[in-house]
Amino acid sequence: MRLSRYFLPTLKENPSEAQIVSHRLMLRAGLIRQASAGIYSWLPLGFRVLRRIEQIVREEQDAAGCQELLMPTIQSADLWRESGRYEDYGKEMLRIKDRHERDMLYGPTNEELITVIFRDSVRSYRELPKLLYHIQWKFRDEVRPRFGVMRGREFLMKDSYSFDLDQAGARRAYNKMFVAYLRTFARMGLKAIPMQADTGPIGGDLSHEFIILAETGESQVYCDRELIDFDVLGEAVDYEADLQPLVDRWASRYAATDEKHDPARFAALPEARRIEARGIEVGHIFYFGTKYSAPMRAEVSGPTGEMVPLHMGSYGIGVSRLAGAIIEASHDANGIVWPDAVAPFKVGLINVKADDAACGKAAEELYGRLRAAGIEVLYDDTEERAGAKFANMDLIGLPWQILVGPRGVKAGTVELKRRAGGERAELSAEAALAKLA
RNA sequence: CGGAGCGUAGCGCAGCCUGGUAGCGCAUCAGACUGGGGGUCUGAGGGUCGUGGGUUCAAAUCCCGCCGCUCCGACCA
């Protein structure tokens with residue numbers, strides 16, 4: 001993509017409404033624009049990031065045997081009256097009326113709808129277990145939206161739902177999601193730590209929040225430092241095998257949010273291993289048993305012929321929140337530092353001297369070769385001065401930069417710069433291509 | 001839902017207290033000089049001062065209502 005043609009409105013100064021670093025950088029780097037309080041438009045560069053994140057989530061859900069579907073954003077109030085949550089949910093639920101004065105709502109979550117879909121279609125235990133998910137916009141009318149996309153009212157969420165005959169089955173589904181979540185966040189370059197958590201208004205008795213550590217986090221968290229070095233991507237996972245040992249390896253270490261914090265257990269850790277920090281919740285998994293299936297009569301015939309209410313769990317990842325959370329975890333004084341896996345482009349190509357014919361030719365040629373090699377490149381072919389280009393490229397945080405300048409063109413080299421760490425190397429265009437391929 | 005602010009050009013802000021018809025920096029446009037970390041000079045364009053009402057000879061400025069946005073707390077993915 002040529003920057004001269006790309007819609008990338010970056011800002012030199014910090015917008016006054018943005019207080020935390022990820023929000024400031026998302027506005028400055030041209031990723032998002034605010035539409036109203038807690039509601040954002042995603043501009044081309046931001047949307048690319050959002051789709052990257054979404055795709056990683058999707059791949060890991062699919063790998064764990066979860067099947068994707070898509071439910072609507074608007075739901076009928078009747079559905080929620082059936083579960084009893086229409087009254088309980090309070091003002092956070094955006095209630096609307098259609099032209100026939102029917103009560104509708106913009107879905108804050110989808111337990112009711114998925115339960116009905118499942119109830120109406122599945123009759124026998126022999127069709128279990130099932131794991132379903134979708135990635136859809138949600139709306140929760142927060143009293144106080146803040147921190148940009150980290151606590152918006154409208155947000156993109158991946159929510160999965162498991163259906164099992166009994167608690168043991170639900171536990172297996174829970175474990176699958178537990179492991180899938182570890183892998184999902186690790187692939188995005190995040191250290192997400194599963195922590196025991198309150199189940200909140202959704203109910204249930206088994207729940208972990210996945211938290212990444214960041215100064216601007218909204219929750220106070222406590223954990224064992226060794227968790228940070230656990231590697232989950234290094235080993236192959238067989239989702240059909242017993243995942244309990246892998247889950248236990250994580251779950252047995254101390255890690256808890258404020259509400260579940262046990263000072264005595266925490267104090268038992270050696271001091272050097274105690275981490276007390278702020279955290280951002282990027283995922284949350286629940287087992288909630290028959291909380292919805294019982295009142296909504298979502299039952300199947302069991303092995304002995306009797307009707308059995310389904311044991312369910314739900315599993316959420318804040319997809320749009322992750323974009324902000326990743327920036328909170330990965331930035332420096334000059335801007336965003338995208339982890340490779342979620343970067344909107346892999347490399348930014350800069351023609352350092354816009355009016356130098358030889359530079360222009362070399363840059364154009366390299367741009368063509370990068371594209372031919374299938375490498376996603378944003379090519380700054382504008383007339384800006386070198387300094388402005390560098391600052392802008394650092395701001396948007398692509399993992400690699402290639403600088404084509406008069407010095408290198410003479411010597412037959414380009415400069416390859418790693419955004420994270422800032423290491424630079426002078427090498428031939430071929431070598432740079434090989435390194436990025 | 002309690003408390004506190006803010007709304008003036010695309011962005012960041014001054015002017016308001018003490019009323020006299022709007023200004024600065026950046027950005028934009030034109031030209032020149034420049035050319036490896038947001039450059040310099042010259043010139044130009046761009047604002048119903050959030051909105052409705054009131055006071056006044058006169059309102060960005062004073063008073064009242066409304067709308068929007070932000071921050072702290074409570075709440076929450």
Side-chain angles (χ1 to χ4, degrees), chain A residues 9-20 23-24 27-28 30 33-39 89-93 107-111 137-159 181 192 197-202 207-212 217-219 257-259 279-286 314-322 324-325 333-335 350-356 359-360 380 382-396 401-410 414-415 417 422 424 426:
Chain A
T10 56
L11 305 172
K12 211 164 174 178
E13 292 181 84
N14 285 322
S16 61
E17 79 264 21
Q19 299 299 317
I20 66 164
H23 191 194
R24 283 203 301 264
L27 290 165
R28 285 192 53 204
R33 285 294 181 265
Q34 181 165 349
S36 65
I39 304 178
Y89 220 96
K91 288 192 163 175
E92 226 178 72
M93 180 188 279
T109 177
N110 286 65
E111 279 84 4
W137 292 91
K138 306 289 188 290
F139 195 94
R140 296 183 191 173
D141 200 358
E142 293 284 335
V143 234
R144 194 180 156 212
R146 66 192 119 163
F147 304 149
V149 300
M150 300 248 286
R151 174 153 232 88
R153 292 193 293 170
E154 187 183 62
F155 57 98
L156 188 60
M157 177 168 151
K158 186 286 300 177
D159 39 324
Y181 275 34
D198 260 349
T199 50
I202 260 173
S207 170
H208 282 87
E209 288 182 11
F210 287 73
I211 302 253
I212 63 168
E218 290 190 87
S219 337
T257 60
D258 222 3
E259 302 86 41
I280 301 169
E281 181 183 347
V282 290
H284 201 160
I285 59 178
F286 300 95
S314 78
Y315 315 89
I317 291 179
V319 174
S320 49
R321 172 182 283 184
L322 272 167
N334 294 329
I350 293 179
N351 176 7
V352 171
K353 200 167 161 67
D355 62 352
D356 182 298
C359 281
D380 189 342
T382 65
E383 303 293 313
E384 284 291 336
R385 302 168 62 83
K389 289 184 177 180
F390 297 149
N392 208 48
M393 202 57 88
D394 283 351
L395 174 64
I396 66 175
Q401 296 173 13
I402 299 181
L403 281 49
V404 177
R407 294 200 305 245
V409 167
K410 253 181 216 155
V414 298
E415 195 172 328
K417 177 186 156 187
R424 293 156 183 269
E426 301 264 351

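Within every chain, numbering begins at 1; the chains are lettered A, B, ... in the order of the sequence lines, protein sequences first and strands thereafter.
Both distances falling under 3.5 Å, in either a Watson-Crick or a G-U wobble arrangement, place B/G12 opposite B/C24.
Taking atom C1' on both B/G25 and B/G46, the two are 16 Å apart, rounded to the nearest angstrom.
A/A386 comes within 4.0 angstrom of the backbone, heavy atoms only, and of no base. Note on A/N334: nothing from the nucleic acid sits closer than 4.0 angstrom, heavy atoms only. Among the protein residues, A/K417 comes within range of the nucleic acid bases, having at least one heavy atom under 4.0 Å from a base atom. Within the 4.0 angstrom heavy-atom criterion, no nucleotide atom of any strand lies near A/R33. The residue A/G152 sits close to a base: some heavy atom pair falls under 4.0 Å. Here A/P108 lies out of heavy-atom contact (under 4.0 Å) with every strand. Across all strands shown, A/E17 has heavy atoms under 4.0 Å from sugar-phosphate atoms exclusively, and none from any base.
Not a single donor-acceptor pair, N or O on each side, falls under 3.5 Å between the base of B/G12 and the side chain of A/N14. Side-chain to base pairing of A/R28 with B/G12: no donor and acceptor N or O lie closer than 3.5 Å to each other. Applying the 3.5 Å distance criterion, the base of B/G39 shares a donor-acceptor pair with the side chain of A/R385. Taking 3.5 Å as the limit, the base of B/G36 and the side chain of A/E415 contain a donor-acceptor pair of atoms between them.
B/G36 has no base stacking with the ring of A/F390 when judged by centroids under 5.5 angstrom apart and an interplanar angle below 30°.
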- So A/M150 and A/I20, side chain to side chain contact (heavy atoms under 4.5 Å, CB included) or not? Walk me through it. CA-CA 10 Å; A/M150 300 248 286; A/I20 66 164; 4.1 Å; yes

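We find that CD of A/Q401 is positioned 11 Å from C1' of B/G37, with the value rounded to whole Å. Rounded to an integer number of Å, the gap from CD of A/Q19 to P of B/C72 is 7 Å.
In terms of position along RNA chain B, the nucleotide closest to A/D394 lies nearer the 5' end than the nucleotide closest to the other residue of the pair A/E218 and A/D394.
In this structure, A/S16 does not reach the B/C6 phosphate: none of its side-chain N or O atoms is under 4.0 Å from OP1 or OP2.
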